[in-house]
Protein chains: 2
Amino acid sequence: MKLLEERIRRDGVVKEGNILKVDSFLNHQMDTALFAELGKEWKRLFEDKPINKILTIEASGIGIACIAAQQFGVPVVFAKKTQTLNIDGEVYTSKIHSFTHSKDYDVIVSKKFLGKEDHVLIIDDFLANGCALEGLMNMVMDSGAVLEGIGIAVEKGFQKGGRLIRQKGVRLESLAIIESMDAKTGEIVFRS
Amino acid sequence: MKLLEERIRRDGVVKEGNILKVDSFLNHQMDTALFAELGKEWKRLFEDKPINKILTIEASGIGIACIAAQQFGVPVVFAKKTQTLNIDGEVYTSKIHSFTHSKDYDVIVSKKFLGKEDHVLIIDDFLANGCALEGLMNMVMDSGAVLEGIGIAVEKGFQKGGRLIRQKGVRLESLAIIESMDAKTGEIVFRS
């Protein structure tokens, strides 16, 4: 998606260690007008799918998912990273490894909000190793819901997550896929 | 706001220990059509204010804040609950006590995204003791930005947070204020 690629080129910052900082518009400060355009694009791409729920994971997926959900006219459910005292009853749970924070954590979704009647689109801001997505996909499988697809804003195409998910036959629509990036020159090459 | 009060009466569940569960539409599963109406109401209430940024805190504030931000045409910044490796440079920081989780945690906002040029509206889903809001307000003060007001979806009016904030002269607009609730009967009384 040209709009997103141009924004990444303009405001993204490439750092050593394959880090792309897009915190000025995507995952710390959030440009909701841009998010609306991402939402419209996912709506166009998944128009043939009977999606009735969007699933994401806290924290940085929530804003994008909520604004995308307005295009689909469906509710959002977000997976929570720790069990809170305020969630009662049964939950789906999955363990996720965070490379950013070098630790494992549990995520949960209440069984009240995901079940076999659901046709789910997963939305998240970033895809690199795919650990978070794998956790969300496992919970969709556990629930008996149909996973209709996955919408990602920025995929690091040089890491394994996207390939592993596409190999499973899951429809994955990343709106910008980074083929390579160079911390010295700041250059970013997108997959065409 | 009648729409929100009716929704709380219909789908909210009162539990022992002054717990109000609104996780079916507000803070686990999220009804973005409802959020759009909340956003319109805050826009109406704060129309006289030169708001150029909305500040919230992860996780459950983010969805409401992003959809409200569309009404104001401004970006959202969310305070992060732990320092991540991906935030560089300097940050504002504040310690917040969570009664829900019985612990203290640090929140941070990058100094890049909050400064003395900003006129800030704080948005969050819930107000009870006001600890999270106090942390956000401290960061706004530290940044030199102007705090134009606070928009809350559901305030527990029988807890101290709202009173303490109003005593400071801060304009606080809670769209539903619960005066009392009864876990045995399920009855909820709103402040009129």
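These numbers were taken from a predicted model, which means no experiment stands behind them. Here is the naming used below: chain letters follow the sequence lines, and residue numbers restart at 1 for every chain.
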**Q.** Residue Ser98(A) versus chain B: region with a heavy atom under 4.5 Å
**A.** neither
(Q) What part of Ala33(A) gets within 4.5 angstrom of chain B, counting heavy atoms only: side chain, backbone, both, or neither? (A) neither
Hydrophobic clustering (ILVMFWY, side-chain heavy atoms < 4.5 Å, transitive) - are [Y] and [X] grouped together?
X         : Y         : result
Met139(B) : Leu164(B) : no
Val146(B) : Trp42(B)  : no
Val189(B) : Ile19(B)  : no

Q.
Measuring from atom NZ of Lys112(B) to atom CG of Asp23(A), what distance do you get when rounded to the nearest 0.5 angstrom?
A. 4.0 Å
Q. Which pairs, with at least one residue in residues 47-74 of chain B and sequence neighbours excluded, count as a salt bridge (charged side-chain N to carboxylate O under 4.0 Å, His left out)?
A. Asp48(B)-Arg171(B), Lys49(B)-Glu148(B), Lys53(B)-Asp118(B)
(Q) With a 3.5 Å distance limit and no angle check, can you tell me whether His28(B) reaches the backbone of Phe78(A) through a side-chain donor-acceptor pair? (A) yes
Q: Name the region of Ser24(B), side chain, backbone, both or neither, that has any atom closer than 4.5 Å to a heavy atom of chain A.
A: both
(Q) Quick check for you: among Gly63(A), Gly17(A), Gly73(A), Ser60(A), which has the greatest number of heavy-atom pairs under 4.5 Å with chain B? (A) Gly63(A)
Q: Return the option, out of Asp31(A), Ile64(A), Asn27(A), with the maximum number of heavy-atom pairs under 4.5 Å with chain B.
A: Asn27(A)
Q | Nearest atoms (heavy-atom pairs only) where Val74(B) meets Thr32(A) | A | O-OG1, 4.0 Å
Q.
Applying the side chain to side chain contact (heavy atoms under 4.5 Å, CB included) criterion to Gln29(B), which one of Leu114(A), Val76(A), Val77(A) satisfies it?
A. Val77(A)
